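Everything on this sheet refers to the single structure shown next.
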Amino acid sequence: MAIKSILVPLEGGEAGYRTLETALVVARRFDAHIATVHISESVMKSAAFNSLSNSLQQDVRSEEKQLQTRQAETIRKTVEDFSRKHGLAMNPEPASQDGVTISFEHEFGQVNDLLVHHSRYHDTVAIARPEKAAGQLRMGGVETVVNTLLLYSGKPVVLVPSQWRPHRARHAMIAWNDSLESSRALSMTIPWLMQMDRVTVAVARSRLDGGERVRQQLAFHGIGAQLNTLDRGNQSVGRRLLAMADEIESDFLVMGGYSHSRIRHHMFGGVTDHVLAHSHIITVMVH
């Protein structure tokens, strides 16, 4: 199955524009549609706000909505300028002809809920990778959105790092650990893998048999892959994984996210969290 529709949540700013450029690289591989969306969520939820009179609450909400509408129109203009710059048709419907199309949609509501809803009607989601502070993820905002999409969208999430220079990735590395999530990630990214110049399967020495089976599975799709043993030594798995990506000059990482537990307390501090905080290449995660 080819990738034919890519959801790109936009909040404005440089990170969003870089994600849009990266989505365009993917879209051009598959003649896909880029569906951009901006969600405006009310911040008027504090106890102090609720203590205001009903009429004053209505006035404040009305002003907030006007501000959010203006912000959305600014983002819409950015998308329209982007479409003109790259010669893309603004079209919310599937195009009958080959070529990349793009659309913009604005909604009011709960950001996480609406983005999960939107994601289920697209093949993949592209979003800026969360930034780290002092080596750790800053939880809240985009970090919460990313984790929600990973857990509940059911789709591959393409994470775009802040220093990424959008280009067509050529060398994919698959992080394989025999988990349900890594199996999903492998299957969902076959269309990408078929277009790579090189594919490497990174696998622990104890799972080399599974890695060989993955290599055989890829061969059925006409994808030639090689195995690399992930010997971590004194490093964490996440750190060693990204170090290997550097060593073999991979620019596209495929992995399952949150393999061990769905309970948030146990998620962070593991491989997924490390990659979310530190990956500087395009990373596709699937839960």
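Predicted model only: the values in this text are computed from it and were never measured.
- Atom CD1 of Ile174 and atom CE of Met255 lie 12.5 Å apart (nearest 0.5 Å).
- Remark: Lys4 is not positioned above the aromatic ring of Phe30, lacking an NZ or CZ atom under 6.0 angstrom from the ring centre and at most 45 degrees off the axis.
- Note on residues 5-23: pairs passing salt bridge (Lys or Arg N to Asp or Glu O under 4.0 Å), not counting sequence neighbours, are Glu14-Arg18.
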Steps toward side chain to side chain donor-acceptor pair (under 3.5 Å) verdict (His118, Glu107): CA-CA 11 Å; His118 278 275; Glu107 285 194 55; 2.5 Å; yes
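- Considering only heavy atoms from C-beta on, Ser279 comes within 4.5 Å of Leu242 through its side chain.
- Among residues at least two apart or in separate chains, ring pair (Phe, Tyr, Trp, His ring centres under 6.0 Å) pairs with a member in residues 52-84 are Tyr17-Phe82, Phe82-His86.
- Screening residues 204-226 for ring pair (Phe, Tyr, Trp, His ring centres under 6.0 Å) gives no qualifying pairs among residues at least two apart or on separate chains.
- In this structure, the side-chain contact (heavy atoms from CB on, under 4.5 Å) partners of Asp81, at least two apart in sequence or on a different chain, are Lys77, Arg84.
- Counting only residues at least two apart or in different chains, salt bridge (Lys or Arg N to Asp or Glu O under 4.0 Å) contacts with residues 206-223 comprise Asp178-Arg207, Asp209-Arg213, Glu212-Arg215.
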Worked check of side chain to side chain donor-acceptor pair (under 3.5 Å) between Asn177 and Ser182: CA-CA 7 Å; Asn177 64 357; Ser182 63; 3.0 Å; yes
Step-by-step side chain to side chain donor-acceptor pair (under 3.5 Å) determination, Thr200 to His171: CA-CA 8 Å; Thr200 299; His171 183 184; 2.8 Å; yes
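- Atom CD1 of Ile6 sits about 10.5 Å away from atom NE2 of His122, to the nearest 0.5 Å.
- A salt bridge does not link Glu73 with Arg70: none of the charged nitrogens is closer than 4.0 Å to a carboxylate oxygen.
- Not counting sequence neighbours, Gln71 has no partner by the side chain to side chain donor-acceptor pair (under 3.5 Å) test.
- Inter-residue side-chain proximity for Val203 and Leu230 is flagged as unmet; no heavy-atom pair is nearer than 4.5 Å.
- At least one side-chain heavy atom of Trp176 sits under 4.5 Å from a side-chain heavy atom of Ser183.
- Summarising the geometry of Leu10 relative to Gly16, their closest heavy-atom pair is CD2-O, 3.5 Å, with the distance given to 0.1 Å.
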Derivation and outcome, side chain to side chain donor-acceptor pair (under 3.5 Å), residues Thr101 and Asn91: CA-CA 6 Å; Thr101 55; Asn91 187 355; 5.7 Å; no
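- Rounding to the nearest 0.5 Å gives a distance of 15.0 Å between CZ of Arg198 and CD1 of Ile223.
- Every residue meeting the side-chain contact (heavy atoms from CB on, under 4.5 Å) condition with Ala169, not counting sequence neighbours, appears here in chain and number order: Arg29, Met196, Asp251, Phe252.
- Glu249 meets the salt bridge (charged side-chain N to carboxylate O under 4.0 Å, His left out) test with no other residue; sequence neighbours excluded.
- Considering CD of Glu63 and CD of Gln68, their distance stands at 11.0 Å, rounded to 0.5 Å.
- In this structure, the ring-ring contact (aromatic ring centres under 6.0 Å, His included) partners of His117, at least two apart in sequence or on a different chain, are Tyr121.
- In this structure, CG in Leu151 is found 9.5 Å from CG in Leu149, a value given to the nearest 0.5 Å.
- Residues satisfying the side-chain contact (heavy atoms from CB on, under 4.5 Å) criterion with Arg165, sequence neighbours excluded, are His167.
- A donor-acceptor pair is defined here as one N or O able to donate and one able to accept, closer than 3.5 Å; no such pair exists between the side chain of Ser250 and the backbone of Asp246.
- The shortest distance between side-chain heavy atoms of Val158 and Val26 does not fall below 4.5 Å.
- Remark: Ser119 OG to Tyr152 OH distance equals 12.5 Å, nearest 0.5 Å.
- Remark: Thr229 pairs with Arg205, Leu208, Asp231 by the side-chain contact (heavy atoms from CB on, under 4.5 Å) rule, at least two apart or across chains.
- By the side chain to side chain donor-acceptor pair (under 3.5 Å) test, Thr69 pairs with no residue at all, sequence neighbours left out.
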